[in-house]
Amino acid sequence: MFGLSELAIILIVLIAVLAAKKLPELARSAGKSARILKAEARAAKAEAEAEAQEDERRAQAPQPRQAHQPQGEQPDAPRVIRGETVIKGETVTRDAAADGSRTQQQR
C-alpha cells in the first residue's frame, strides 16, 4: 500500500493540478502581505527608538528645582514652625525689620 511520503506527494500534485490558476494570485498576495508586515515592523521599531531617545532627552534635561516638601504634606497645607504659637482666628505675619524672631499679631 501507500506510505505517508507517497500520500504527501500525491496530495501536493493534486493541489498543483487543481489550483494551478490560483497559485500565482496566492503567491502575489502572500508577497504583498509579507512586504506590509515588514514595513509595519520597521515602523514600530522606529517609533520605539524615537520614544527611547525622547526619554533619554527628558532624563538629561535639567529638572526645575522645587522647594523641599516633606512627604505626606499637601502643597497648600499650612506649615508648622517650631516655637511659634498661632491661636485660631489670628493672623501672624513676620516683622520685616526684625531679625525674624518677632511676629506681629492682628485681630
Side-chain angles (χ1 to χ4, degrees):
M1 200 97 191
F2 294 111
L4 187 60
S5 60
E6 288 87 8
L7 285 176
I9 292 173
I10 292 173
L11 185 63
I12 290 172
V13 170
L14 260 173
I15 290 173
V17 170
L18 295 177
K21 293 180 181 179
K22 295 284 185 176
L23 284 177
E25 184 180 329
L26 289 173
R28 267 193 298 275
S29 65
K32 286 180 183 179
S33 299
R35 281 192 298 269
I36 291 171
L37 183 63
K38 284 182 183 179
E40 291 295 327
R42 276 190 234 120
K45 185 177 179 180
E47 184 178 327
E49 288 175 0
E51 286 179 9
Q53 288 176 353
E54 181 66 27
D55 290 343
E56 287 178 16
R57 208 173 317 139
R58 286 183 189 154
Q60 292 175 355
Q63 299 293 327
R65 298 187 106 184
Q66 296 179 357
H68 175 70
Q69 184 176 348
Q71 289 183 348
E73 188 175 311
Q74 298 296 325
D76 296 333
R79 290 185 323 159
V80 177
I81 302 171
R82 290 186 202 165
E84 292 187 12
T85 305
V86 179
I87 301 171
K88 187 176 182 177
E90 293 183 353
T91 305
V92 179
T93 58
R94 292 256 175 221
D95 186 2
D99 62 353
S101 61
R102 292 184 180 177
T103 58
Q104 294 178 342
Q105 295 182 353
Q106 299 174 351
R107 288 188 183 229

Could you list the donor-acceptor pairs under 3.5 angstrom formed by side chains in residues 26-39, with sequence neighbours left out?
residue: S29; atom: OG; partner: E25; partner atom: O; Å: 3.4
residue: S29; atom: OG; partner: L26; partner atom: O; Å: 2.9
residue: S33; atom: OG; partner: S29; partner atom: O; Å: 2.9

Query raised in the report: For E54, which residues count as a salt bridge (Lys or Arg N to Asp or Glu O under 4.0 Å) partner, sequence neighbours excluded?
Result: R57, R58
Requested in this report: Please round to the nearest 0.5 Å and tell me the distance separating atom CD1 of I9 and atom CG of L14.
Outcome: 12.5 Å
Query - Contacts of R42 that satisfy side chain to side chain donor-acceptor pair (under 3.5 Å) - sequence neighbours left out - result: none
